[in-house]
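Below you'll find the structure, written out as structure tokens, and then a few comments.
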Amino acid sequence: MDIHEYQAKEILSGYGIKIAEGGLAYSPEDAVQRAREIGGHIWAVKAQIHSGARGKAGGIKICKTHDEVEAAADYLLGRRLVTHQTGPVGKVCGRLYVEAGTEIAKELYFCLLVDRSSERIVMVGSAQGGMDIEELAVTNPEAIVKIYIDPAVGLQDFQARKMAFKLGLDAEVISHAVKTIKGCYRALRALDVSMLEINPLVVTKSGELIALDAKMGFDDNALFRQLKISELRDKSQEDPREMAAADRGLSYVGLDGDIGCMINGAGLAMATMDMIKLAGGEPANFLDVGGGASAERTEKAFRLVLADKNVKAMLVNIFAGINRCDWIAEGVVHAVRKLDMKMPLIVRLSGTNVEEGRRIIADSGLPIITADTLAEAAEKAVQARNEVVAKEAAGA
């Protein structure tokens, strides 16, 4: 789960990280009022969307008068911003953060994230902040410093100091940098943060260290014990299909293909998507219905997949271990009849009570395409999809 910049900054300030004065605005009038409250003669009006690279997309406006603040707010509110992280669909800006201008002497990059490959927390920093870290990794990888932290031991003072020196900070700023780094680590551990990024972390001309931007991502599986964090969720910034799935206890990730998938087990789901691609198709989603696929749960999964208007055919691939194939088959038949499903449906069942499951589907009288193996199911799904596309082209 991601949160907005202003939310991340509010959290970080509670852990000793210095931020610039700012306020939230939902209208141009709000934005002007926030600027008046902040004072000064320069402000940054920032679109609050769950994406980086907002500046390149025109989502950050530097203003020198209240009229400019009002005009910037009027321009940004309701605008769909497209960045390389949002994809072509973009994200709509529904709120703004008005922040006091900062006299920047130096821009840095700092990040903490969970690195599953090393089973460590990795601290990433660079003296070249204010730009995409992905771009920097390609153009100048030597400029990126990585320090691995054993979660059983925690962040040590010498590691924080080492990062501060690697960032090229002057001696008088080192102690402040160590405090900032340690505060970020405490936030990561206490709040089940999976990624914490400050870009840029700036040194001001007066020698202060300020988080000028902040991003935080949280482990969804830990939200049950982070109730205050879960309340910060902005569903308008997330894929509506994924949100609908999460609200129903399903694991769903939307993709760009047109073959819908309903599968039990994350590993089997990934293998199925690979087989679809190998057969020449593109999966429309990752959907793991889990072990308890009742008739009601199966119907919810069907509705979720079919809500994607790009789907041309649907593949159900179930290996029944804890579950039973006859239960799955009854759920599929129930869902197809209730939803009056017209598009091609391919079903492959394996495991407990597989023969009974296949009999239920065969006796249903529904035009369900069956397959015995995963490879066969993928090939039939791609073939059915191609036939639908050909018919649509002929009709057009």
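Please read these numbers as outputs of a predicted model, since none were measured by experiment.
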Got a salt bridge between Arg358 and Asp372, using NZ or NE/NH1/NH2 to carboxylate O under 4.0 Å? yes
Any donor-acceptor pair under 3.5 Å linking the side chain of Asn264 with the backbone of Phe319? yes
Inspect the contact between Glu299 and Arg303 and indicate whether a charged nitrogen and a carboxylate oxygen are less than 4.0 angstrom apart. yes
Would you check if Val193 and Ile11 make a side-chain contact, meaning some heavy-atom pair closer than 4.5 Å? no
Can you confirm whether Asp220 sits close enough to Arg233 that some side-chain heavy atom of one is under 4.5 Å from a side-chain heavy atom of the other? yes
Report the C-alpha distance between Phe302 and Val316 in whole Å, list the side-chain angles of each, state the deciding distance to 0.1 Å, and finish with yes or no for side-chain contact (heavy atoms from CB on, under 4.5 Å). CA-CA 10 Å; Phe302 266 75; Val316 174; 3.9 Å; yes
Is a side-chain donor-acceptor pair under 3.5 Å present for Gln159 with Tyr148? no
With a 3.5 Å distance limit and no angle check, can you tell me whether Thr83 reaches the backbone of Gln85 through a side-chain donor-acceptor pair? yes
Heavy atoms, side chains only, cut-off 4.5 Å: are Ile121 and Arg189 in contact? yes
Criterion salt bridge (charged side-chain N to carboxylate O under 4.0 Å, His left out) on Lys391 and Glu387, from CA distance to verdict: CA-CA 6 Å; Lys391 287 180 181 178; Glu387 291 174 358; 5.7 Å; no
Side-chain contact, heavy-atom cut-off 4.5 Å: Leu155 with Leu112? no
Kindly check if the number of other-residue, nucleotide or ligand heavy atoms within 6.0 Å of NZ (Lys162) is above 12? no
Verify, without hydrogens or angle tests, whether Asn386 (side chain) and Val382 (backbone) share a donor-acceptor contact under 3.5 angstrom. yes
I'd like to know if Arg34 pairs up with Glu37 as an ion pair, taking the criterion as any Lys NZ or Arg NE/NH1/NH2 lying under 4.0 Å from an Asp or Glu carboxylate oxygen. yes
Does any non-hydrogen side-chain atom of Asn140 lie less than 4.5 Å from one of Ser126? no
Between Glu5 (side chain) and Gln48 (backbone), is there a donor-acceptor pair under 3.5 Å? no
Take Ile198 and Cys184 through the test side-chain contact (heavy atoms from CB on, under 4.5 Å) and record every step on the way to the result. CA-CA 10 Å; Ile198 302 176; Cys184 288; 3.8 Å; yes
Between His66 and Trp43, what is the ring plane arrangement, given parallel below 30°, perpendicular above 60°, and tilted in between? tilted
Heavy-atom distance under 4.5 Å between the side chains of Val203 and Asp170, does that happen here? no
In Lys309, Lys312, Arg385, the residue satisfying salt bridge (Lys or Arg N to Asp or Glu O under 4.0 Å) with Asp258 is Arg385
Straight-line distance of Gln7 CD to Leu24 CG, nearest 0.5 Å: 8.5 Å
Check ion pair Arg54-Asp213 (N to O, under 4.0 angstrom): yes
Less than 4.5 Å apart, side chain to side chain, heavy atoms only: is that true for Tyr6 and Arg95? yes
Are any side-chain N or O atoms of Thr298 and backbone N or O atoms of Val332, one a donor and one an acceptor, separated by less than 3.5 Å? no
Starting from the C-alpha separation in whole Å, work towards a yes-or-no answer on salt bridge (charged side-chain N to carboxylate O under 4.0 Å, His left out) for Glu231 and Lys228. CA-CA 5 Å; Glu231 291 172 358; Lys228 290 185 178 179; over 6 Å; no
Might you confirm whether atom NZ of Lys182 has over 12 heavy atoms from other residues, nucleotides or ligands at distances under 6.0 Å? no
In plain terms, say whether Glu99 and Lys46 are close enough for a salt bridge, that is, a side-chain N and a carboxylate O under 4.0 Å apart. yes
Within the structure provided, determine whether Leu315 and Lys380 are in side-chain contact (heavy-atom separation under 4.5 Å). no
